[in-house]
Amino acid sequence: MFALVDCNNFYASCERVFQPRLEKRPVVVLSNNDGCIIARSNEAKKLGIGMGEPFFKVRPLIERHGVVVRSSNYELYGDMSQRVMQTLMRLTSDVEIYSIDEAFCDLTGFLHLDLEAYAWEIKDTVKRWTGLPVGVGIGKTKTLAKLANNTAKKSDGVTVLQTEAMTKAILAMTPVRDVWGIGRQYDKFLEKYGIRTAYEFAQARDSWIRKHMHVTGLRTAQELRGIPCIPLEEQPDPKKNIAMSRMFGRPVTELRELEEAIAMYATRAAEKLRGEGLHANNMLVFFYTSPFKEGFTGASLAISLPRATSYTPDLVRYATAAVRQEYRRGNAYIKAGLILSELTSPAREQLTLFDPVNDEKRIAIMQALDTVNRKWGRNTLFYAASGTQNRWSMRRERKSPSYTTRISDLLKVV
DNA sequence: TCTGGGGTCCTAGGACCC
DNA sequence: TCTGGGGTCCTAGGACCC
């Protein structure tokens with residue numbers, strides 16, 4: 001048996017923990033650059049504010065109903081997420097952190113318990129220790145636990161798929177697009193063949209599913225039938241890509257600003273890379289103008305690095321060179337970014353024959369840099385290439401304080 | 001005027017090898 | 001009458017997830 005624990009309206013709920021006056025009020029959280037709606041409290045959902053909708057489109061509705069709007073505050077959400085995960089690890093043994101607001105638990109060692117009571121204990125404890133509401137779904141496979149969690153959200157917060165009959169009943173009630181692994185395209189496809197519910201999908205012929213939806217689709221069907229195909233993964237696999245991209249706060253036309261931005265993204269990506277203990281062999285640099293406007297254009301350049309590296313100055317140099325090569329005067333760029341790929345572990349890399357590089361010195365410099373920035377905050381030390389003004393940086397006009405991660409933002413009780 | 005960011009897996013098809 | 005068989009590696013693109 002697996003449990004899926006999922007925080008309700010996670011970002012919106014995080015905002016509420018430290019501002020209880022937002023309780024019962026509609027709250028939404030915006031994406032980076034204050035562009036789209038990415039989280040909504042139940043009250044906001046009821047008003048008809050859709051997930052992913054551009055802020056400017058729903059703005060009249062939001063103002064009419066006095067909806068509370070927040071820019072996203074990942075410092076806060078990341079820290080609250082850790083608290084939830086730590087709580088779960090105290091309550092059960094095997095936990096897979098699936099996303100910032102969700103975790104799977106393997107309940108193999110807990111089958112002697114009353115699972116429903118146990119689910120309630122998880123829910124109540126997380127609420128008490130972190131202030132966040134969660135839903136708990138339990139089923140024979142991860143896909144069924146997900147499904148149960150879906151149901152839990154609509155009822156009182158806990159659903160356990162104990163018996164075959166109950167599982168079947170819930171499958172028959174669930175639209176197939178709500179199944180984990182079935183997205184918009186497959187939903188459309190399945191509808192053509194008259195498959196509308198999770199139950200109907202689970203009944204489809206294996207060879208037919210395999211042919212049209214490949215092995216992943218077949219796995220999903222098997223899981224719905226109660227046959228586990230997707231194991232719990234406690235240790236995350238090493239990352240295969242590290243990306244860093246942002247929309248600009250306003251269009252960028254100057255080469256120098258574009259270079260600054262990409263230098264900053266390269267710096268941040270290099271930090272992530274070192275955090276994973278990996279080196280990159282490949283870099284993709286891209287930037288483009290607005291796809292919503294006439295004359296949409298952009299550039300992307302893949303660079304095969306001559307030597308695997310996580311050394312910030314190297315990455316900054318290649319990234320800015322790519323920008324200089326592909327930049328075209330007269331374009332108003334709205335977004336830029338880079339992706340590091342072919343990540344390898346330094347221990348098993350091939351050195352080039354004539355390698356003039358003093359690795360020890362470079363490693364020591366990066367360690368010092370990371371240590372200072374960890375202790376004193378991001379960008380305490382930074383490369384001049386990323387500029388000092390950053391007029392292009394993203395908008396975050398309605399951000400709440402970093403209550404749990406900055407001493408200056410601590411909540412004051414007066 | 002204003003439309004997010006970061007990931008994974010799978011397959012088909014081409015290039016190439018013996 | 002009618003062009004072998006069996007592989008690997010790589011990439012682009014499509015699907016999905018949160």
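Lettering of chains follows the sequences in order, A, B, ..., and the numbering in each one begins at 1.
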Indicate, with a heavy-atom threshold strictly under 4.0 Å, whether [X] touches base, sugar-phosphate, or nothing.
X        : value
A/Ile182 : sugar-phosphate
A/Lys188 : nothing
A/Val29  : nothing
A/Met244 : sugar-phosphate
A/Arg219 : sugar-phosphate
A/Phe292 : base
A/Asn32  : sugar-phosphate
A/Arg268 : nothing
A/Arg246 : sugar-phosphate
A/Asp34  : nothing
A/Ile100 : nothing
A/Glu102 : sugar-phosphate

Query raised in the report: Does B/dC18 have a Watson-Crick or wobble partner in any strand here, with both distances under 3.5 angstrom, and which is it?
Result: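 Matched B/dC18 with C/dG5 under the 3.5 Å cut-off.
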**Report entry** Of A/Pro238 and A/Met394, the one whose closest DNA chain B nucleotide lies more 5'
**Finding:** A/Met394
Query raised in the report: Of A/Lys239 and A/Met247, whose nearest nucleotide on DNA chain B comes first from the 5' end?
Result: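 Result of the comparison: A/Met247.
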Requested in this report: Take the angle between the ring planes of A/Trp180 and A/Tyr98 and call it parallel below 30°, perpendicular above 60°, tilted in between.
Outcome: perpendicular
Query raised in the report: Does the separation of the ring centres of A/Phe2 and A/Phe104 fall below 6.0 angstrom?
Result: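 Centroid distance A/Phe2-A/Phe104: not below 6.0 Å, so no.
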Query raised in the report: Do you know which of A/Tyr327, A/Phe248, A/Tyr333 makes ring-ring contact (aromatic ring centres under 6.0 Å, His included) with A/Phe287?
Result: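 Single pass found, and it is A/Tyr333.
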Query raised in the report: Side chains of A/Arg70 and A/Gln19: donor-acceptor distance under 3.5 Å anywhere?
Result: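 Checked: A/Arg70/A/Gln19 side chains pair up, N/O donor to acceptor below 3.5 Å.
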Query raised in the report: Judged by modelled atom types alone, do A/Asn9 and A/Ser41 share a side-chain donor-acceptor pair under 3.5 Å?
Result: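 The answer is no; no qualifying pair exists.
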Query raised in the report: Could you give the start and end, 5' to 3', of the contact zone on DNA chain C for chain A, using atoms under 4.0 Å from its heavy atoms?
Result: C/dA15 to C/dC18
Query - Intermediate values then yes/no, side-chain hydrogen bond (donor to acceptor under 3.5 Å, both in side chains), A/Tyr265 and A/Glu260 - result: CA-CA 9 Å; A/Tyr265 303 160; A/Glu260 283 177 8; over 6 Å; no
Report task. Check the pair A/Glu259 / A/Thr320 against side-chain hydrogen bond (donor to acceptor under 3.5 Å, both in side chains), numbers first and verdict last. Result -> CA-CA 5 Å; A/Glu259 279 186 67; A/Thr320 50; 4.8 Å; no
Query - Gap in Å between the two P atoms, one belonging to B/dT3 and one to C/dC18, rounded - result: 25 Å
